[in-house]
Amino acid sequence: MSNTVQVIVNIPARSLDKPFSYTIPAHLANVQVGCRVLVPFGNRKVEGFIISLEPEKTEGLKSILEILDHVPWFDSNMLNTARWLSDYYLCSLSEAMRLFIPGQSGIKTQKAYQAPASVDFEQAAVLLSKKPAEFRTLLTYIYEHGPVTLTDLAKLTSDPAAMIKFFLQHKLIISADIVSKRGKASVTTIIDLAVSRETAAQIEQTLPKNKAAQRRLLNALLAAPGNLTTAQLRSLSITQDTVKKLAEQGLITTRQLPLFRNSYAGGCLQTPAVNLTPEQAYALGLIIPAINTGLHTSFLVHGVTGSGKTLVYIRAVAEARRLNRQAIVLVPEIALTSQIVARFKAAFGEDVVVMHSKLSVGERHDAWRRLQAGQAGIVIGARSALFAPAGQLGLIIIDEEHEFTYKQEETPRYHAREVALARARLAGAVVVLGSATPAVETYYKARQGDHVFIPMNQRVDNTPMPEVTVVDMRQELAQGRRSVISQALKDMLTEILARQEQAVILLNRRGYSTFVLCRECGHVLKCPHCDIALVYHASATVLRCHYCRERHTVPDICPVCSSRYIRYFGAGTQKVEEALAAAFPAARIIRMDQDTTGGKMAHDKILSAFAAGTYDILLGTQMVAKGHDIPNVTAVGIISADTALNLPDFRAAEKTFALLTQAAGRAGRGKKSGRVVMQTYNPEHYAIIAGAGHNYQAFYQHEITFRRQLHYPPYANLVKITVHGADEITVHRNANQLAADLTQAPGLADAAVIGPFPASVNKIKDIFRVNILIKTQELPTVAKQLAGLGLASRRDIIVDIDPINVL
DNA sequence: AGCACGCCGACT
DNA sequence: GTCGGCGTGCTC
């Protein structure tokens with residue numbers, strides 16, 4: 001029997017990315033791999049994760065202090081997924097494991113101070129004699145009141161920190177962490193008699209009158225056939241203290257049991273008996289048998305907007321639940337996808353757990369406990385839901401798999417799709433990726449046979465795809481029309497408003513104008529902390545930086561040449577709103593962007609008001625293009641279809657195509673057919689043409705050729721290395737040095753090192769950033785090499801595997 | 001991440 | 001002479 005364990009401490013520091021060994025004290029012998037434990041670490045107490053049991057004994061190890069989980073939090077699938085993630089994305093194992101824990105840690109530690117085991121009072125007196133009387137008072141207080149925190153002491157003295165430092169230095173006090181557990185474990189305490197019923201009955205008789213509570217407890221145990229639970233104790237008004245006393249006398253025993261309730265599996269399916277379309281039936285004909293095999297398979301459902309993908313998801317989840325396996329459903333943004341959440345709730349009721357970004361740590365904990373205990377079988381949420389403790393995982397669904405929100409932009413910089421595939425592979429689970437505009441990488445993999453490809457080309461209600469008009473804005477200008485709203489868009493809106501139908505207008509830019517320029521000297525007003533133009537917000541008459549959110553007043557004169565000719569250029573949502581209001585004074589217009597959705601769930605309120613017909617026109621940034629399905633919307637206008645197209649990013653075309661397709665898909669979801677007007681300065685661009693023609697194939701063919709020629713994903717993997725810092729010169733020097741080192745590195749012989757080049761937004765919040773890009777066919781080799789160079793441990797370097805943004 | 005130990009400048 | 005700066009190095 002092993003008495004040693006390997007522990008990963010939950011501290012996200014590169015230098016601690018290795019297991020530490022501890023011994024198991026006899027009374028904690030039931031500890032298992034995957035449990036969280038409290039361990040002594042240096043002079044503090046930290047949370048650790050047990051990753052293995054070790055057979056050999058080593059001398060001089062410390063012991064585990066406490067077990068924080070009665071049931072291991074990590075099963076082998078979760079542990080192996082974390083291992084995979086840390087390998088692939090070059091983060092520490094603890095960083096990867098933290099993803100699986102609500103609030104990133106199961107404990108809260110507070111520093112406290114107390115008397116050391118022994119004090120040399122003579123020496124203490126000498127030391128204190130040189131100090132103000134305050135020192136003596138504080139030290140006495142600490143000695144008398146046991147472990148006290150800094151906040152406690154702050155009530156006594158104005159500045160205890162300096163004195164504490166002095167005391168620690170001279171070993172007059174020691175620090176001792178006060179640890180509190182977060183999230184109550186769902187366990188119940190079971191109390192049993194430890195002696196025969198006869199003995200217990202005898203003792204009960206002999207107990208004196210002042211031990212009435214103990215008598216009550218014994219009586220209750222004698223009356224009950226087997227045992228008692230804590231819940232039953234409460235009704236008998238017996239306290240924990242009484243239980244403890246009797247346990248000390250050896251009359252009773254206590255043990256803790258995890259709370260397991262029956263799962264809803266199979267019992268709760270209220271899936272309405274809708275007729276499946278032939279395409280839905282075909283899709284499920286492939287997916288359901290795969291779930292039944294219990295082997296890992298992945299599918300790409302390429303379904304046009306309105307083709308009924310959600311019903312396929314629901315039926316697939318129902319099948320997994322029938323087999324008593326759990327399902328994870330990922331959506332890009334929970335706030336924008338309330339319709340899909342509502343449909344799952346309707347179909348599966350209490351079996352669904354919704355992971356909200358607004359949930360508190362406690363609520364998150366409760367939700368995950370329910371899954372872990374098998375009380376719920378389905379989790380639906382944003383990318384973090386991927387780390388749910390689903391022990392019986394059978395299915396992962398990723399809706400709108402092409403969405404960039406699936407990529408986490410802080411360390412660990414994982415992509416939910418890739419982690420889902422890895423976790424499912426390890427669990428023998430099925431993955432269903434769904435999208436109307438699959439990521440080029442995903443589609444390519446499907447064609448290679450890595451995913452089973454399922455096309456869904458027909459809309460459920462057989463409404464035709466909307467008719468799209470592309471407006472060349474250069475011609476508009478040539479014909480003397482200078483409005484942001486073209487004649488074609490204006491005509492379309494006039495028509496549908498006359499018919500009391502509704503329109504959605506998309507503009508990928510907040511604020512009033514894109515930049516503010518002095519016409520005299522050409523100076524563009526920029527944020528002093530970020531290298532980016534300030535945006536004019538008319539409603540508040542301020543200039544705002546969209547990176548650091550700082551507000552600036554609008555200057556009357558140019559700060560450079562003192563000219564009064566300051567003009568606003570480009571159009572934001574506010575300006576378009578103004579233009580629409582001028583063109584259609586009778587129309588009721590509502591704007592939806594980050595500025596108007598400040599309050600929580602404001603998306604929902606705006607959308608439901610619009611759906612209810614309170615407004616005629618919904619105008620907003622890309623959030624108006626997502627998720628909702630409003631039958632009376634028959635027209636969609638896209639003010640500037642090429643906003644994203646001109647970015648120097650190899651995914652610019654893909655972003656544009658996906659947004660256009662999605663926005664167009666909002667038109668004509670009901671019985672009425674829809675129309676779309678796309679305004680652009682690049683009407684001949686393949687992303688615009690394909691977007692207008694609802695032609696994914698045409699887009700893909702163009703795009704994949706371009707990717708192949710330039711060795712971009714999926715033909716190579718990218719690694720982006722960002723060097724950042726407050727001093728521009730140092731940052732550039734370090735980046736140059738690093739690029740030179742990388743070019744020399746033996747493991748990178750077959751990789752292309754590009755750069756360094758300054759990030760597109762060179763400075764954000766006074767921090768300068770320079771990027772180096774690596775293109776490689778051999779990512780694992782390169783990753784090993786980068787890890788070997790110690791890049792991940794440098795504080796001024798960010799390593800991003802498979803970056804979404806290369807700018 | 002913390003925290004200790006350790007070696008060089010400005011003060012009671 | 002001491003206090004204190006934060007540069008390395010360690011934590012089972």
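Backbone-only engagement by P40(A) is indicated by non-hydrogen atom pairs under 4.0 Å involving sugar-phosphate atoms exclusively. Across all strands, Y22(A) comes closer than 4.0 Å only to sugar-phosphate atoms, never to a base (heavy-atom distances).
For K18(A) and dC12(C), the NZ to P distance is 10 Å, given to the nearest whole Å. Atom CZ in F41(A) sits roughly 4 Å away from atom C1' in dT11(C) (whole-Å rounding). Separating the CZ atom of R14(A) from the P atom of dT11(C) is a distance of 19 Å, rounded to the nearest angstrom. Protein atom CG of L53(A) is 20 Å distant from nucleotide atom P of dC12(C), rounded to whole Å. If you take CD of Q104(A) and C1' of dA1(B), they are 13 Å apart, rounded to a whole angstrom. For the pair F166(A) CZ and dC3(C) P, the computed distance is 8 Å after rounding to whole Å. Between I8(A) atom CD1 and dT11(C) atom C1' the separation is 13 Å, expressed in whole Å. Rounded to whole Å, atom P of dC12(C) lies 15 Å from atom CD of Q6(A).
For the pair Y141(A) (side chain) and R136(A) (backbone), a donor-acceptor distance under 3.5 Å is absent.
Aromatic ring centres of Y414(A) and Y88(A): separated by at least 6.0 Å. Between Y113(A) and F167(A), the ring centre distance reaches or exceeds 6.0 Å.
Taking R651(A) as the reference, E441(A) meet the salt bridge (charged side-chain N to carboxylate O under 4.0 Å, His left out) condition, with sequence neighbours excluded.
Results of the side chain to side chain donor-acceptor pair (under 3.5 Å) test with E66(A) over K45(A), R36(A), K181(A) single out K181(A) as the only residue that passes.
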Notebook entry, point to check: Could you write nucleotides 2-12 of chain B as a row of B, S and -, 5' to 3', where a protein heavy atom under 4.0 Å of any base atom gives B, of only sugar-phosphate atoms gives S, and otherwise -?
Noted result: SSS--------

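With hydrogens and angles left out, the side-chain atoms of E47(A) and S105(A) include a donor and acceptor closer than 3.5 Å.
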